[in-house]
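Residue numbers run from 1 in the order of the sequence given. Ligands are counted one by one from 1 in listed order, and the atoms in each one are counted from 1 as well.
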Amino acid sequence: MTAVPALSFHDGRTVPQLGYGVWQVEDEVAADVVVQALEAGYRHIDTAAGYQNEGGVGRAVASSGVPREEVFVTTKLANGDQGFDSAKAALQTSLDKLGLDSVDLYLIHWASPQRGTYLESWKALIELQKEGKATSIGVSNFPIPQLEEIIEATGVVPVMHQIELHPEFQQHELREFHARHGILTEAWSPLGQGGDILEHPVITEIAAAHGVDAGQVIIAWHLAIGNVVIPKTVTPARIVSNLAAAELELTSEQVEAINGLDRADGRIGADPANPGF
Ligand SMILES: NC(=O)c1ccc[n+]([C@@H]2O[C@H](COP(=O)([O-])OP(=O)(O)OC[C@H]3O[C@@H](n4cnc5c(N)ncnc54)[C@H](OP(=O)(O)O)[C@@H]3O)[C@@H](O)[C@H]2O)c1
């Protein structure tokens, strides 16, 4: 079985560096593909209340035969549930759907600064961790000022920050902030949502040199630069091949070549400073 490295959080826990994301996967499909992923050897699943597939993920974890303590499960607080009391209730709803007593990681899905409720939500996550319902706590889609604010106000540093990150959008400023604060960087849409980057000649030439596919090259690049990475696929062969990327070693020249693909206009998703939702 593919050996996936584990990275350490500052709270003493660890996370498998390569996981499996299930955004835009319907609940019934999630129940099937997450079993396939666990059978292939993934031990880290990334869902969210907003994906409306926590039920399917939970059924898959239960039916897979893999012991609960061997699977790292992340879910996320939906924007509409932000606030102290509502965030606490929202995790319980997620746990009920997942059929779990606790998640390994609970994230605030978006800072959504215009709502003005991210700090109260972070305080709720701190409580939820103390109650044992979330083993570790972190955030997603936080601009630097909001990250600084929650850290200064509570003294509690998120263990990980899940952000849009792919070869054409490399997030250097946030990664430097994370490095200074001991926060791991987790890449969402790591394959650029399956878009043109998979056909970029720099990527396809490296893939040809190793006899692998473009997706595997990009996943190996994320691992090489220290990201936690959660590619999504519902294609059975890619579920297996994406995981095998954990054993693909790029040369430093190949990593440098992909580092050179960063673009100022590379963002695909919403801007966390003003997502509009
Ligand atoms: N925190 C957030 O706000 C946020 C936002 C977006 C995503 N995420 C998380 O990050 C995960 C991954 O991001 P994502 O789903 O946006 O996109 P992604 O993983 O970058 O790309 C997924 C797309 O790439 C295709 N694909 C997967 N492996 C491939 C390969 N080896 N070769 C060619 N195509 C491949 C998939 O197609 P098939 O499925 O058809 O194979 C799918 O269309 C999500 O599932 C979610 O867990 C979080």
In the protein, what heavy atom is nearest to [atom], and what distance, to one decimal place, separates them?
| atom | value |
| --- | --- |
| atom 45 (O) of ligand 1 | Trp23 N, 2.9 Å |
| atom 40 (O) of ligand 1 | Thr235 OG1, 3.6 Å |
| atom 31 (N) of ligand 1 | Asn242 OD1, 2.9 Å |
| atom 35 (C) of ligand 1 | Arg238 NH1, 3.5 Å |
| atom 6 (C) of ligand 1 | Trp188 CE3, 3.1 Å |
| atom 27 (C) of ligand 1 | Lys232 O, 3.1 Å |

4.0 Å heavy-atom contact, [X] with ligand 1:
| X | value |
| --- | --- |
| Tyr51 | yes |
| Ser241 | no |
| Pro231 | yes |

Checking the N or O distance criterion of under 3.5 Å, is ligand 1 in contact with [X]?
| X | answer |
| --- | --- |
| Pro190 | yes |
| Leu198 | no |
| Gly215 | no |
| Gln216 | no |

Self-check item: Closest to atom 17 (O) of ligand 1 among Ala270, Gly192, Ser189 (heavy-atom distance)
Solution: Ser189
Practice problem: Closest by any non-hydrogen atom to atom 11 (C) of ligand 1: pick that one out of Asp46, Ile230, Leu107, Leu191. | Solution: Ile230
Quiz item: Do Phe277 and His109 make the cut of ring centroids closer than 6.0 angstrom?
Solution: no
Exercise. Compute the ring centroids of Trp110 and Tyr118, then answer whether they are less than 6.0 Å apart.
Key: no
With atoms numbered from 1 as shown, which atoms in ligand 1 lie under 4.0 angstrom from a non-hydrogen atom of [X]?
| X | result |
| --- | --- |
| Gly21 | 45 (O), 47 (O) |
| Trp110 | 3 (O) |
| Ser140 | 1 (N), 2 (C) |
| Gly194 | 21 (O), 23 (C), 24 (O) |
| Gln162 | 1 (N), 2 (C), 4 (C), 8 (N), 9 (C), 48 (C) |
| Asp213 | 31 (N) |

Quiz item: Counting only heavy atoms not in Gln129, do more than 12 fall under 6.0 Å of its CD?
Solution: yes
Quiz prompt | Atom CD of Glu149 with >12 non-hydrogen neighbours under 6.0 angstrom | solution = yes
Exercise. Using the side chain to side chain donor-acceptor pair (under 3.5 Å) rule, take Gln216 and His210 through it: C-alpha gap first, then chi angles, then the decisive distance, then the call.
Key: CA-CA 10 Å; Gln216 291 174 299; His210 287 277; over 6 Å; no
Self-check item: Partner set under salt bridge (charged side-chain N to carboxylate O under 4.0 Å, His left out) for Glu120, not counting sequence neighbours
Solution: Lys123
Exercise. Determine whether the side chain, the backbone, both or neither of Asn141 has a heavy atom under 4.0 Å from any heavy atom of ligand 1.
Key: side chain
Quiz item: Is it the side chain (CB and beyond), the backbone, both or neither of Gln193 that lies under 4.0 Å from ligand 1, heavy atoms counted?
Solution: both
Self-check item: Interatomic spacing from CG in Leu18 to CG in Asn242 - rounded to 0.5 Å
Solution: 7.5 Å
Quiz item: Any side-chain donor paired with an acceptor under 3.5 Å for Glu54 and Thr75?
Solution: yes
Quiz item: If you look only at pairs with a residue in residues 61-84, which of them pass as a salt bridge (charged side-chain N to carboxylate O under 4.0 Å, His left out), with sequence neighbours excluded?
Solution: Asp46-Lys76, Arg68-Asp104
Practice problem: Have a look at Ile183 and tell me which of Glu186, Arg180, His181 forms a side-chain contact (heavy atoms from CB on, under 4.5 Å) with it. | Solution: His181
Practice problem: Verify the cluster assignment for Phe177 and Leu184: are they in a single hydrophobic cluster under the rule of side-chain heavy atoms below 4.5 Å apart? | Solution: no
Quiz item: Between Arg13 and Asp11, is there a side-chain N and carboxylate O pair less than 4.0 Å apart?
Solution: no
Quiz prompt | Asp213 and Arg238 ion-paired at < 4.0 Å | solution = no
